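Just the heavy atoms: all of them, side chains too, but no hydrogens, waters or symmetry mates, feed the values below. Being a predicted model, the structure only gives us computed values, none of them experimental.
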Amino acid sequence: MSAAPVTVIGLGPMGQAMSRTLLRAGHQVTVWNRTPSRADDLVAAGARLAASPAEAVAASELIILSLTDYQAMWDVLADVGASLTGRTLTNLSSDTPDKTREAANWASSHGASFVTGGVMVPAPMVGTDLAYIYYSGDQRGFEAHRNTLAHLGDPRFLGDDPGLAQLMYQANLDVFLTTLAGCAHAIALAGSAGIAAEMFLPGVMQLIAAIPDMIAPGGTVALGARIDAGEHPGTGSNNIMMGATADHILATTESADIDTALPKVVQTLYRRAIDDGHGTDGWTRTIDAIRARKAST
């Protein structure tokens, strides 16, 4: 049985990586992009360039979208209408959970199945053993194309709420971007004393690699279970100790005369936990401080 045809709309780095991966897997791939020249290498590799979004949609039952945001989907597919009936739209673009739910309703109104996804690796890693993608939405549509989507990365289905995959994606990127911001701030802080990034970064990467063992010696699943149970043991280190460290980082930043916004945010979390009477609890108690902020707005 030959591999099912697939359409990919949007040929930025991620869309191109997905298209190449599907071509290597033996799929007939139809592509469309506002700037047709972005498809040149893919066409040379065997893809078919559609002349319009309508032609791209008509070519396959599975339509994969890799666009700037969800508004771009509505812009591109605005005139496609009834031709979406019976097809599965799998939107791997980034946006908010609310936008994905709105998109699912829109797709349903046109007779289409809607699946949202969050690709958890950069474009060069698509299709490798390290790639994984969160999905949610119409389970029947997802299951019908699971084998095709698995070529892109390990498919992890979260449920029928189309917003869940997007929320999981954004939560993971919350960690990613915050980590990058911490690295950038630390490089600037070290640089204020003349320490070159070339010298500083290897040690920081060693620290980052060791964090799982530091914060979850019994494993991340066990740590998550304790958090879910409301258990925040302060053995080893507690919020008073961590808060003092946050104070020292901020004071060092101020004396170095560099931006203090990031360390002030971190200091605030520990101060809230301590002020709420949880100074001897562990760092995970700051999660409650964050939730309390939501409750007070």
Are more than 12 heavy atoms from other residues, nucleotides or ligands located less than 6.0 Å from atom CG of Asp69? yes
Validation row: Leu207, Met214 side chains within 4.5 angstrom (heavy atoms): yes
Ser93 and Asn91: side-chain donor and acceptor closer than 3.5 Å? yes
If we only count heavy atoms from C-beta on, is the His145 to Glu61 side-chain gap below 4.5 Å? yes
Residue pair Arg272, Asp288: steps toward the salt bridge (charged side-chain N to carboxylate O under 4.0 Å, His left out) verdict: CA-CA 9 Å; Arg272 285 181 191 162; Asp288 288 347; over 6 Å; no
Over all atoms of both residues, closest heavy-atom pair of Ile258 and Ala188: CD1-C, 4.0 Å
Leu152-Leu11 co-clustered via ILVMFWY side chain contacts under 4.5 Å: yes
hydrophobic_cluster_shared for Leu177 and Ile290, side chain cutoff 4.5 Å: no
Donor-acceptor contact present, side-chain Asp160 to main-chain Asp138, <3.5 Å: no
Are side-chain heavy atoms of Leu92 and Met18 found at a separation under 4.5 Å? yes
Please check if the side chain of Thr245 supplies one atom and the backbone of Met241 the other of a donor-acceptor pair under 3.5 Å. yes
Walk me through whether Asp75 and Arg34 qualify under side-chain contact (heavy atoms from CB on, under 4.5 Å). CA-CA 11 Å; Asp75 293 342; Arg34 286 188 186 276; 3.6 Å; yes
Do Leu173 and Met14 share a hydrophobic cluster (ILVMFWY, side-chain heavy atoms under 4.5 Å, transitive)? no
Taking the side chain as every heavy atom from C-beta outward, state whether His278 and Thr286 have any atom pair closer than 4.5 Å. no
Side chain proximity check, Leu149 to Arg146, heavy atoms < 4.5 angstrom: no
Has the side chain of Arg271 got a donor or acceptor atom that lies under 3.5 Å from a matching backbone atom of Gly243? no
Side chains of Asn33 and Leu49: closer than 4.5 Å at any heavy-atom pair? no
Are the side chain of Thr253 and the backbone of Ile249 linked by a donor-acceptor contact shorter than 3.5 Å? yes
Does Ala4 offer a backbone N or O that forms a donor-acceptor pair with the side chain of His27 under 3.5 Å? yes
Would you say the side chain of Tyr70 lies within less than 4.5 Å of the side chain of Gln166, judging by non-hydrogen atoms? yes
Check the pair Thr96 / Gln170 against side-chain hydrogen bond (donor to acceptor under 3.5 Å, both in side chains), numbers first and verdict last. CA-CA 8 Å; Thr96 67; Gln170 300 301 346; over 6 Å; no
Would a distance-only check, ignoring hydrogens and angles, find a side-chain to backbone donor-acceptor pair under 3.5 Å from Ser113 to Thr88? no
Any side-chain to backbone donor/acceptor pair from His185 onto Asp259? Under 3.5 Å, distance only. yes
pair Trp32-Thr7: side-chain heavy atoms closer than 4.5 Å: no
Any chance you could lay out the side-chain hydrogen bond (donor to acceptor under 3.5 Å, both in side chains) test for Thr100 and Tyr169, step after step, and finish with the verdict? CA-CA 12 Å; Thr100 63; Tyr169 175 69; over 6 Å; no
In one Ile/Leu/Val/Met/Phe/Trp/Tyr side-chain cluster, 4.5 Å: Phe142, Val6: yes
Restricting to non-hydrogen atoms, name the atom on Ser136 and the atom on Gly163 that form the minimum distance, rounded to 0.1 Å. OG-N, 4.1 Å
Are more than 12 heavy atoms from other residues, nucleotides or ligands located less than 6.0 Å from atom CG of Asp228? yes
Does CG in Asn105 sit with more than 12 non-hydrogen atoms of other residues, nucleotides or ligands closer than 6.0 Å? yes
May I ask whether Val126 and Leu42 are part of the same hydrophobic cluster, defined by side-chain heavy atoms of I, L, V, M, F, W, Y residues being less than 4.5 angstrom apart, directly or through others? yes
Quick one: closest heavy-atom pair of Pro202 and Ala197, and the distance? CD-O, 4.3 Å
